[in-house]
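Below: one structure, written as structure tokens.
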Amino acid sequence: MKYVVTGATGHLGRQVVAQLMQLTAPTTITLGVHTPAKAADLAALGMAVQPLDYQDPTSVRAVLTGADVAIYIPSKSHTSFSRVQEFENVVTAAEAARVGHFLVMGFIADQATNPFDLSAFYGYVPRRLAETDLSYTILRNALYADPLVPYLSELIARGNVIYPMGDASLSFISLAESAAAFAKVAVTPQLWTQPSYTLTQERSYTMPALARVLSQVAQAPIGYAPVTLQQFADLYNEGNEGHMLASMYAGGAQGLLATVTADFRRIMGRPAQSLPDFLTAQLAAGDNGAKH
């Protein structure tokens, strides 16, 4: 078998590769990466590393050629338009390369009425794949729980969770458990019969409930005092991400980020780690990562 992972040096990509190595030999794995030097450590383990530019159809097809299973992880572009262009290149290349099975990262904010800046892209993905002759599976992630860990120090200082969510709730999954599910589906053809899975923990959290969890794990008082969407966008506009982040929570306030399923359990044979247990373990390990 030949397994191809695109975006393999990103936050999710590296964890997918680590999980895949537990299930198949490194020599069966090919990595498509924008900067091959960043994958030198993985190449040293026996994986093939190829340059990949999502905007260059020739390079995409070269990476996907011969793939029995290809795992596509999108770029971090902030607009649906640019991601759709990227996805068109990848889908066209996957069809031309006759990829055996195509795994695609999705996100729960893909509803037709969702104001999230990238909802059009995530909504486009299943419809576009349905047009093709590809064998495919979409793995829709809930919100990553990981950014809550480095965000805790700011929340402790503020004394409050400030997400503009009203009474709505959020659903989470960790990067590591998302990656484990990707790897398990990649090597398990019996799981390919379902076109889409949604990866979540066993429950969602209203903001007061989230604040209670964060207070418990941080051993500090944290309440809930939401800011406005505009205030949130202004506060977290590093890298011009403010509007995108605020738009995500605008969808969340409509209840569109609250999905909870048993799909992770179906794939892995066990429930996803609970949010309190995940946060406690990460804090004990001294984890660092991106905020919000």
Side-chain angles (χ1 to χ4, degrees), residues 1 3-8 10-24 29 31-32 54 64 67-76 80 83-84 86-87 90-91 94 99-111 114 116 118-119 121-130 132 134-146 170-202 204 248 256-273 278:
M1 294 288 285
Y3 299 92
V4 173
V5 182
T6 72
H11 291 300
L12 177 62
R14 275 198 170 267
Q15 298 215 33
V16 168
V17 172
Q19 294 289 336
L20 198 54
M21 281 195 296
Q22 306 303 311
L23 303 175
T24 186
I29 303 172
L31 311 178
Y54 283 135
L64 295 181
D68 295 295
V69 178
I71 299 174
Y72 164 63
I73 300 171
S75 70
K76 291 188 69 176
S80 282
R83 287 208 192 183
V84 166
E86 166 188 310
F87 188 61
V90 175
V91 168
V99 167
H101 191 70
F102 191 39
L103 267 65
V104 179
M105 189 197 88
F107 184 44
I108 59 174
D110 58 5
Q111 304 91 343
N114 198 313
F116 178 41
L118 297 175
S119 67
F121 164 71
Y122 286 113
Y124 181 82
V125 165
R127 292 157 182 79
R128 180 66 177 90
L129 287 171
T132 73
L134 291 166
S135 171
Y136 67 88
T137 304
I138 302 165
L139 293 173
R140 301 168 71 239
N141 285 317
L143 283 171
Y144 291 134
D146 304 64
L170 295 175
S171 178
F172 296 94
I173 191 72
S174 71
L175 275 164
E177 295 205 303
S178 172
F182 268 85
K184 183 66 177 293
V185 173
V187 304
T188 312
Q190 297 94 316
L191 293 170
W192 298 353
T193 55
Q194 185 168 321
S196 178
Y197 296 94
T198 301
L199 307 177
T200 74
Q201 296 171 348
E202 299 277 292
S204 62
M248 183 175 70
L256 300 177
L257 296 177
T259 305
V260 172
T261 78
D263 285 352
F264 182 89
R265 186 192 290 264
R266 292 190 189 101
I267 294 168
M268 301 301 297
R270 63 172 178 84
Q273 188 178 33
F278 168 78

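Ring geometry for Phe102 versus Phe87: interplanar angle under 30°, hence parallel rather than tilted (30 to 60°).
Of all heavy-atom pairs between Leu103 and His101, the closest is CD1-CD2, 3.1 Å. The minimum heavy-atom distance between Gln15 and Ala176, with the atom names listed, is OE1-CA, 3.1 Å. Nearest heavy atom pair, residue Trp192 against residue Val185, reads NE1-O, 2.7 Å. In terms of heavy-atom proximity, Val187 sits nearest to Tyr3 at CG1-OH, 3.6 Å. Across Val69 and Ala186, no two heavy atoms sit closer than the pair CG2-O, 3.6 Å. In plain terms, the two heavy atoms of Ala67 and Ala70 that are nearest each other are CB-CB, 4.3 Å.
Taking the salt bridge (Lys or Arg N to Asp or Glu O under 4.0 Å) definition, one finds that Arg127 meets it with nothing, sequence neighbours left out. In terms of the side-chain hydrogen bond (donor to acceptor under 3.5 Å, both in side chains) criterion, residue partners of Asn141 (sequence neighbours excluded) are, by chain and number, Tyr144, Ser178. In terms of the ring pair (Phe, Tyr, Trp, His ring centres under 6.0 Å) criterion, Phe264 has no residue partners (sequence neighbours excluded). Take Glu86 and apply the side-chain contact (heavy atoms from CB on, under 4.5 Å) test, not counting sequence neighbours, and it matches Tyr54, Gln55, Tyr72, Pro74, Ser75. Legend: residues meeting salt bridge (Lys or Arg N to Asp or Glu O under 4.0 Å) with Arg83, ordered by chain and number and at least two apart, are absent.
In this structure, Leu256 CG and Leu170 CG are separated by 11.0 Å, a value rounded to the nearest 0.5 Å. Here the OG1 atom belonging to Thr198 is positioned 9.5 Å from the CD1 atom belonging to Ile138, to the nearest 0.5 angstrom. Between atom CD of residue Glu202 and atom OG1 of residue Thr261 there is a gap of 8.5 Å, rounded to the nearest 0.5 Å. Note that OG1 of Thr259 is 10.0 Å distant from CG of Leu143, once rounded to the nearest 0.5 Å. Rounded to the nearest 0.5 Å, atoms CD1 (Ile173) and CG (Leu199) are 6.0 Å apart. One distance of note links CG of Leu191 with CZ of Arg266; it measures 11.0 Å at 0.5 Å rounding.
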- Query: Under the ring-ring contact (aromatic ring centres under 6.0 Å, His included) criterion, do Phe116 and Phe107 qualify, and how do the steps go?
  - Reply: CA-CA 11 Å; Phe116 178 41; Phe107 184 44; 5.8 Å; yes

- Task: Start with the C-alpha distance between Gln194 and Asp263, add both sets of side-chain angles, then the distance that settles side chain to side chain contact (heavy atoms under 4.5 Å, CB included), and finish with yes or no.
- Result: CA-CA 10 Å; Gln194 185 168 321; Asp263 285 352; 4.1 Å; yes

- When you look at Leu139 and Ile267, which way does the side chain to side chain contact (heavy atoms under 4.5 Å, CB included) test go after all the steps? CA-CA 11 Å; Leu139 293 173; Ile267 294 168; 4.3 Å; yes

- Task: Could you walk me through whether Thr24 and Met1 pass side chain to side chain contact (heavy atoms under 4.5 Å, CB included), step by step?
- Result: CA-CA 9 Å; Thr24 186; Met1 294 288 285; 5.8 Å; no

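Inter-residue side-chain proximity for Tyr122 and Asn114 is flagged as unmet; no heavy-atom pair is nearer than 4.5 Å. Using a 4.5 Å heavy-atom threshold, the side chains of Tyr136 and Val104 count as separate. Annotation: side chain of Leu257 is in contact with side chain of Ile108 (closest heavy-atom distance under 4.5 Å). The closest side-chain heavy-atom distance from Val17 to Leu31 is below 4.5 Å. Side-chain atoms of Ser196 and Arg140, non-hydrogen and from C-beta on, do get closer than 4.5 Å to each other. The shortest side-chain heavy-atom distance between Ile73 and Val16 falls under the 4.5 Å cut-off. For the pair Val5 and Phe182, the minimum side-chain heavy-atom distance is 4.5 Å or more. Ser119 places none of its side-chain heavy atoms less than 4.5 Å from the side chain of Asp110.
Formation of a donor-acceptor pair under 3.5 Å by the Ser171 side chain with backbone atoms of Val260 is not found in this model.
Sorted by first and then second residue, the salt bridge (Lys or Arg N to Asp or Glu O under 4.0 Å) pairs involving residues 172-200 (not counting sequence neighbours) are Glu177-Arg270.
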